[in-house]
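Accompanying notes for the structure given below.
Read the numbers this way: they start at 1 and go in the same order the structure lists the ligands and their atoms. Numbers here simply count residues along the sequence, with the first being 1.
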Amino acid sequence: ESLKRIEEVDGQVKAFLTVDEEGARKRADQLDAELAKEEKRGLLAALPVGLKDNLCTEGLRTTCASKLLANYQPIYNATVVEKLAAAQTITVGKTNMDEFAMGSSNENSGFYPTHNPWDLERVPGGSSGGSAAAVAAGEVYFALGSDTGGSIRQPAAFCGVVGLKPTYGRVSRYGLVAYASSLDQIGPLTKNVEDAAYVLQVIAGHDAKDSTSAKVDVPDYLSHLTGDIRGLKVAVPKEMMGEGIEPGVREQVKNALAKLEELGAVIEEVSLPHADYAVATYYLIAPAEASSNLARYDGVRYGVRKEGKNLLDLYLETRSQGFGPEVKRRIMLGTYALSSGYYDAYYLKAQKVRTLIRQDFEQIFAKYDVVVGPTAPTIAFKIGEKIDNPLTMYLNDILTIPVNLAGLPAISVPCGLSEGMPVGLQIIGKAFDEATILRVAHAFE
Ligand code: GLN
């Protein structure tokens with residue numbers, strides 16, 4: 001059914017870069033046989049899944065939507081891919097994204113943009129836009145994405161699905177192609193909150209192969225979906241409801257807050273005094289880390305190799321032709337911010353501001369259980385609307401970026417429509433307290 005649906009709609013939606021029809025059918029047959037004789041069913045048995053194309057899949061093309069990796073076939077699986085396989089899922093294909101996860105609209109894909117299934121003239125958000133669109137269009141049951149500055153939550157909001165970014169360290173990043181290593185996290189995009197709890201249950205946990213993955217127990221998430229949020233203390237930062245938020249978005253979020261209150265939550269306004277600096281901080285730290293991470297694409301070790309008259313020339317040709325304009329912009333920004341003489345003024349300063357942003361959240365979480373606001377300041381915008389101005393594009397992540405800088409978990413859950421397009425409610429939790437944000441989102445949903 002999943003393959004049939006892809007056949008029907010993906011010509012328009014373009015959520016996939018690779019559909020592994022043969023592999024999926026083989027896997028389905030294999031699971032049929034396994035499930036017929038085995039007593040034990042995996043938690044996600046026989047569910048078709050889409051994987052963002054920056055998750056390494058053994059023998060299955062993994063491009064990061066970059067021309068440079070157009071032919072790259074990993075020789076190993078990401079830990080999350082292994083864990084899904086152990087839970088008996090079927091990988092149907094690899095989903096489209098902004099190149100190397102840099103972008104908010106999927107327009108930076110080196111191959112083609114994905115279209116929002118709600119309105120094909122609009123973007124699905126990014127960078128996990130293919131994953132969000134695939135779930136929204138019913139092409140797969142759920143998908144995995146990655147979130148460095150909002151890339152799971154913002155596309156989830158734009159496509160009317162649920163998107164969860166776990167706490168930094170909750171899910172192993174082994175086999176996730178690195179963009180900004182201190183910010184990246186893998187998480188689920190699902191049709192509802194219960195599904196997100198199931199998927200997180202499967203992919204969470206310490207992994208010896210990722211030194212930043214945390215040795216923190218994984219609770220039974222499903223048992224937390226009680227529907228009861230009486231007495232829950234909700235903080236709403238005034239910076240998340242003020243200037244720059246579209247009136248239609250603000251209205252839906254206000255309705256959502258009223259609903260949380262009806263359910264027994266106590267809502268109070270708070271302030272995130274350093275929130276104004278989050279985007280600037282992120283656009284120093286993320287490109288700095290990216291410029292270092294992307295140094296490995298030299299045309300020798302991975303992917304496509306262009307001819308050159310000598311080795312330096314080979315590097316130059318491969319990188320000039322392989323990377324798209326946004327990736328080049330980030331490499332240049334990051335290299336500049338890390339250069340001697342500028343390091344203290346930019347990179348080090350950004351790290352200090354990052355600490356202040358984290359402390360803002362710590363102070364709030366000393367008194368409140370969750371922080372709530374919109375996921376994105378706007379509904380899904382039109383394809384082409386922001387692509388010529390990187391700064392307006394960057395500002396679309398203003399509400400999601402602080403969460404990555406602080407390393408916290410957050411979920412986006414649909415909370416109504418504005419101009420016929422979905423709006424996302426963002427619920428941010430304490431570090432490693434995904435259980436509470438899932439409980440709140442589930443009670444609200
Ligand atoms: N849009 C942000 C960026 O371009 C975030 C992307 C992400 O979370 N991967 O960096």
### Derivation and outcome, ring pair (Phe, Tyr, Trp, His ring centres under 6.0 Å), residues Y343 and Y336
CA-CA 8 Å; Y343 178 93; Y336 181 80; over 10 Å; no
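- With a 4.0 Å heavy-atom cut-off, ligand 1 is reached by the side chain of Y179 but not by its N, CA, C or O.
- For the pair S151 and ligand 1, the shortest N or O to N or O distance falls below 3.5 Å.
- Ligand 1 lies within reach of Y283, whose nearest heavy atom is under 4.0 Å from it.
- Within ligand 1, the atoms closer than 4.0 Å to a non-hydrogen atom of A101 are 6 (C), 7 (C), 9 (N), numbered from 1 in the order shown.
- Under the 4.5 Å side-chain criterion, counting only non-hydrogen atoms from C-beta, T91 is not in contact with D20.
- Using the six-membered ring where Trp is involved, F323 and F100 have ring planes that are perpendicular, over 60° apart on the 30 and 60° scheme.
- Using a 4.0 Å cut-off to heavy atoms of M102, the atoms of ligand 1 that qualify are 4 (O).
- In this model, a donor atom of one side chain and an acceptor atom of the other lie less than 3.5 Å apart for N396 and Q154.
- Remark: ligand 1 and G103 share an N or O pair separated by less than 3.5 Å (distance only, no angle test).
- Screening residues 122-158 for ring-ring contact (aromatic ring centres under 6.0 Å, His included) gives F158-F381 as the qualifying pairs, with residues at least two apart or on separate chains.
- Taking the charged nitrogens against the carboxylate oxygens, E326 and R329 do have a contact shorter than 4.0 Å, which makes a salt bridge.
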### Task
Please test R122 against D119 for salt bridge (charged side-chain N to carboxylate O under 4.0 Å, His left out), starting from the C-alpha separation and ending with a verdict.
CA-CA 6 Å; R122 292 181 191 263; D119 174 353; 3.0 Å; yes
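- Given atom 1 (N) of ligand 1, the protein heavy atom at minimum distance is D397 OD2, 2.6 Å.
- The atoms of ligand 1 that sit less than 4.0 Å from any heavy atom of S127 are 9 (N).
- For ligand 1, the polar-atom distance check against R330 finds a nitrogen or oxygen pair separated by under 3.5 Å.
- Residue contacts with ligand 1: Y282 is placed with a nitrogen or oxygen under 3.5 Å of a nitrogen or oxygen of the ligand (distance criterion only).
- For the ligand labelled ligand 1, residue G150 lies inside the 4.0 Å heavy-atom shell.
- Between the side chains of R173 and Q185, no donor N or O sits under 3.5 Å from an acceptor N or O.
- Here T148 has heavy atoms under 4.0 Å from ligand 1 in both its backbone and its side chain.
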